[in-house]
Amino acid sequence: MQKKGCSEEELFSFLSSARNKDRTYKKVLSSMCTIPHPVAVRAHNMFIETNLGDPGLFLGTASIEALLVERLGGLLHHKDAGGYATTGGTESNIQALRIAREMGGSKKPNVVVPESVHFSFEKACDILSIELRSVPSDDKFRMDEEKIEDYIDKDTVCLVGVAGTTEYGVVDPISHLSDLASDKDIFLHVDAAFGGLVLPFLKGSPDFDFKLPGVSSLSVDPHKMGMSTIPAGCLLVRDASVFKSTEVDTPYLTVKKECTLCGTRPGGSVAGAFAVLEYLGEDGMTEVVERCMKNNRKLILGMKELGYPVAADPSVNVASFICDSTPEGWQVSRTRAGHMRTVCMPHVTEAVIEEFLTAAGDM
Ligand code: PLP
């Protein structure tokens with residue numbers, strides 16, 4: 001750290017030169033984040049100094065967090081769901097496994113996940129000393145329904161299904177997982193970090209949420225398709241009493257117990273997340289999601305015409321292609337199996353898709 005501070009002008013000139021090295025979202029088809037909605041930015045700034053880690057000081061902000069949970073719970077078929085705002089899918093998944101481990105009571109706990117699961121589960125299992133058991137995918141890149149039971153035993157404390165997989169945008173057989181979870185009395189966590197704010201707005205989406213009786217908890221991320229500022233995730237649980245299992249005493253705060261992973265927690269992005277949902281409502285969200293899905297279909301069709309078929313039929317606005325090249329100047333990513341992976345976020349407009357397809361035609 002320099003001994004004497006610099007001028008504001010010097011500082012911001014330095015910051016803007018760093019910021020100018022960032023890519024804009026313009027030619028980015030690899031990200032599940034997007035440009036935040038203007039109401040999210042406005043709400044975020046309004047709540048910029050708030051700390052949900054000490055909610056007694058910020059009763060208004062805490063009430064907005066409770067409303068966010070209520071809105072998301074209602075959308076996901078359980079208006080009385082318990083929950084809190086997290087920093088994103090990773091934290092929600094860690095906390096869900098932590099709860100499941102505490103509830104399960106095994107000395108050698110294991111969790112049964114789809115092979116396609118997000119890498120946050122690897123982190124969660126490492127931190128929590130849980131064995132990660134991966135069930136292979138079927139030919140549609142979903143968790144193979146026939147094989148799940150082979151991986152479950154008396155030490156299985158959690159089953160996981162993904163609603164809107166990161167790589168192929170498919171939905172695991174959650175209804176089957178729900179039956180298994182109910183029959184065997186195992187905690188079922190659904191990672192709907194991406195799909196949780198997509199599937200409810202589309203006709204014909206498979207059931208994946210609290211409508212299914214076996215679902216115990218869900219991750220859903222407003223900072224993905226919810227167009228909030230970052231960080232904004234949410235962990236929802238069917239029965240709020242499960243949070244007792246992760247509670248610690250917090251004697252010097254305005255509340256005496258805390259069940260969250262993080263201590264200090266941002267209120268700004270939580271207000272941002274709530275603002276978007278409230279401002280757009282179901283109709284506005286449906287419009288955004290339908291537009292993204294239309295662009296996703298246009299991309300799939302266009303790539304097929306160029307000789308690059310989609311590897312799996314997605315249920316959300318993600319598409320992965322059998323295509324080894326990358327169009328010059330564009331940011332796409334690769335799945336573990338090597339497919340070209342794209343996400344049609346709100347910043348990926350129809351015009352962007354057309355430009356991308358022209359570039360793909362020139363590869
Ligand atoms: N779960 C799924 C299905 C995801 O797609 C992602 C991120 O892409 C995550 C979890 C992790 O979310 P985050 O990066 O917000 O922690």
Side-chain angles (χ1 to χ4, degrees), residues 25 28-34 36 40 68 72 76 83-98 111 113-127 132 134 137 141-143 158-174 177 188-200 205-206 208-209 215 217-236 260-262 265-266 269-270 272-273 292 296 312 314-320 331-336 339 341-346 348:
Y25 274 109
V28 174
L29 272 71
S30 59
S31 181
M32 285 186 151
C33 289
T34 192
L68 175 68
L72 291 172
L76 302 171
Y84 68 86
T86 64
T87 51
T90 301
E91 184 186 336
S92 302
N93 291 339
I94 291 171
Q95 285 293 86
L97 284 205
R98 195 172 157 217
V111 52
V113 305
E115 182 183 54
S116 63
V117 86
H118 185 263
F119 53 77
S120 49
F121 284 91
E122 258 181 67
K123 299 182 192 179
C125 287
D126 186 32
I127 294 168
L132 186 72
S134 301
S137 302
F141 292 91
R142 299 158 75 238
M143 191 180 202
C158 190
L159 303 178
V160 173
V162 186
T165 60
T166 317
E167 293 184 318
Y168 295 96
V170 298
V171 178
D172 284 320
I174 315 273
L177 282 167
L188 170 57
H189 175 64
V190 176
D191 182 358
F194 190 79
L197 281 169
V198 177
L199 298 163
S205 289
F208 71 98
D209 60 17
V215 173
S217 64
L218 275 155
S219 301
V220 51
D221 282 0
H223 70 200
K224 295 186 168 70
M225 280 299 287
M227 296 163 288
S228 71
T229 49
I230 296 171
C234 191
L235 173 64
L236 294 173
T260 54
L261 182 61
C262 295
R265 295 189 300 126
S269 45
V270 171
C292 292
N296 206 45
S315 295
V316 298
N317 39 324
V318 173
S320 292
Q331 184 70 39
V332 294
S333 52
R334 294 274 154 199
T335 66
R336 281 167 277 193
H339 296 125
R341 169 185 171 271
T342 60
V343 192
C344 279
M345 294 302 288
V348 182

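Sequential numbering from 1 along the given sequence is applied to the chain's residues. All heavy atoms count here, side chains included; hydrogens, waters and symmetry mates do not. Read the numbers this way: they start at 1 and go in the same order the structure lists the ligands and their atoms.
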How far is [atom] from its nearest protein heavy atom, and which residue and atom is that?
{"atom": "atom 11 (C) of ligand 1", "answer": "H118 CE1, 3.2 Å"}
{"atom": "atom 16 (O) of ligand 1", "answer": "T90 OG1, 2.6 Å"}
{"atom": "atom 1 (N) of ligand 1", "answer": "D191 OD2, 2.6 Å"}
{"atom": "atom 5 (O) of ligand 1", "answer": "T166 OG1, 2.8 Å"}

So do [Y] and [X] actually touch side chain to side chain, heavy atoms under 4.5 Å?
{"X": "L197", "Y": "L72", "value": "yes"}
{"X": "M32", "Y": "D221", "value": "no"}
{"X": "M345", "Y": "Y25", "value": "no"}
{"X": "S228", "Y": "S269", "value": "no"}
{"X": "F121", "Y": "H189", "value": "yes"}

Inset, instruction - With heavy atoms of A193 as the reference, note each atom of ligand 1 found under 4.0 Å away. - result: 1 (N), 2 (C), 10 (C)
Legend entry - Under 4.0 Å to a heavy atom of H223 - the qualifying atoms of ligand 1, by number: 15 (O)
Inset, instruction - Look only at interatomic distance and state if G88 has a nitrogen or oxygen under 3.5 Å from any nitrogen or oxygen of ligand 1. - result: no
Legend entry - Check: T87 N/O within less than 3.5 Å of ligand 1 N/O: no
Legend entry - Closest non-hydrogen atom pair, V28 against V348: O-CG2, 3.7 Å
Legend entry - Side chain, backbone, both or neither: the part of D221 lying under 4.0 Å from ligand 1 by heavy atom: side chain
Legend entry - Structural part of E91 in contact with ligand 1, heavy atom criterion under 4.0 angstrom: neither
Inset, instruction - Just say parallel, tilted or perpendicular for the rings of F141 and Y168, cut-offs at 30° and 60°. - result: parallel
Inset, instruction - Compute the minimum heavy-atom distance from K224 to ligand 1 and say whether it is under 4.0 Å. - result: yes
Legend entry - Passing candidate, salt bridge (charged side-chain N to carboxylate O under 4.0 Å, His left out) with E167, options R142, R334, R336, R341: R336
